[in-house]
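Quick caveat, the model's predicted, so the values are computed rather than measured.
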Amino acid sequence: MSKPTYVHEYKAIVTVLKQYLEGCKQAKSSIMKPAFNEQATMYSVDADGKLAGGAIQGLFDGIDSAFRPSPEAQGAIVRIEIVGTAASARIDANDMSGFCFTDFFHLLKVDGKWTVVSKIFHTHVAP
């Protein structure tokens, strides 16, 4: 085989993304926090069409204060793309504390470990 395969890297990224999903489902930022680099950011567009977000701590605060456990919530890792030490991923989630999201993540392999360095998202109208 002359081209690299990323099976091991793919599985490692799935593990990271599952931490995020499980933290959302349980409404506990402590579960998802290890998936994120301490310098990570999160952004979206607010109801007025303006850029909103900043440091990833905003996600953790929101999960702990505004989310409720949603054990029946569904989340799917729709896509993962990997090139060397960089990756991007998409997750679609339904009924996470009454919300539906599409999340886009950028990950880097830092010191041998995959970590989310940025998250952008769109909130859908819940069915």
Discussion item. Nearest 0.5 angstrom please: Gln19 CD to Ser30 OG, how far?
Written reply: 11.0 Å
Discussion item. Side chains of Ile80 and Leu17, heavy atoms from C-beta outward: is any pair under 4.5 Å?
Written reply: yes
Practice prompt. Please step through side-chain contact (heavy atoms from CB on, under 4.5 Å) for the pair Phe121 and Leu59, ending with a clear verdict.
Written response: CA-CA 11 Å; Phe121 69 96; Leu59 170 65; over 6 Å; no
Practice prompt. Given side-chain contact (heavy atoms from CB on, under 4.5 Å), test Phe104 with Arg79 step by step and report yes or no.
Written response: CA-CA 9 Å; Phe104 297 95; Arg79 173 185 55 80; 3.8 Å; yes
Practice prompt. Can you spot which of Val14, Val16, Thr15 makes a side chain to side chain contact (heavy atoms under 4.5 Å, CB included) with Lys18?
Written response: Val14
Item to complete: Describe, in one word, how the ring planes of Tyr20 and Phe36 are oriented to each other, choosing from parallel (under 30°), tilted (30 to 60°) and perpendicular (over 60°).
Response: perpendicular
Worksheet entry | Reported OG1-to-CG distance for the pair Thr102 and Asn94, which is rounded to 0.5 angstrom | 8.5 Å
Fill in: Gap separating the CZ atom of Phe101 from the CG atom of Asp95, nearest 0.5 angstrom
10.5 Å
Worksheet item: CZ/Arg90 to CG/Asp103 distance, rounded to the nearest 0.5 angstrom?
Response: 10.0 Å
Worksheet entry | Residue Gln57 excluded, over 12 heavy atoms near CD under 6.0 Å | yes
Discussion item. Using side-chain contact (heavy atoms from CB on, under 4.5 Å), reason through Glu22 and Gln26 one step at a time and then give a plain yes or no.
Written reply: CA-CA 6 Å; Glu22 194 58 32; Gln26 292 191 36; 2.6 Å; yes
Practice prompt. Considering non-hydrogen atoms only, spot the tightest contact between Ser97 and Ser70 and give its length.
Written response: N-OG, 2.7 Å
Practice prompt. Apply the test side-chain contact (heavy atoms from CB on, under 4.5 Å) to residues Tyr10 and Trp114: give CA-CA distance (whole Å), side-chain angles for both, the deciding distance (0.1 Å), then the verdict.
Written response: CA-CA 10 Å; Tyr10 178 91; Trp114 286 101; over 6 Å; no
Practice prompt. Look at the rings of His122 and His124 and say which category their plane angle falls in: under 30° parallel, 30 to 60° tilted, over 60° perpendicular.
Written response: perpendicular
Discussion item. Would a single hydrophobic cluster contain both Ile13 and Leu108, if residues Ile, Leu, Val, Met, Phe, Trp and Tyr are joined by side-chain heavy-atom contacts under 4.5 Å?
Written reply: no
Worksheet, complete the sentence: Rounding to 0.5 Å, atoms NE2 (His106) and CD1 (Ile120) come to a distance of 7.0 Å
Discussion item. Looking at every heavy atom in both Ile63 and Ser29, which two are closest together, and how far apart are they?
Written reply: CG2-N, 3.6 Å
Item to complete: State, to 0.1 Å, how close Asn37 and Ile56 come at their nearest heavy-atom pair, and which atoms those are.
Response: O-CG2, 4.2 Å
Item to complete: Could you pull out the closest heavy-atom pair between Gln74 and Met96, with the gap in Å?
Response: O-CE, 4.3 Å
Worksheet item: Is there a path from Leu107 to Tyr6 through hydrophobic residues (I, L, V, M, F, W, Y) whose side chains come within less than 4.5 Å of each other?
Response: yes
Worksheet item: Which heavy atom of Ala27 sits nearest a heavy atom of Pro69, and at what distance?
Response: CB-N, 3.6 Å
Worksheet item: Are Ile31 and Ile77 linked, directly or through other ILVMFWY residues, by side chains that come within less than 4.5 angstrom of each other?
Response: no
Fill in: Phe105-Phe60 co-clustered via ILVMFWY side chain contacts under 4.5 Å
yes
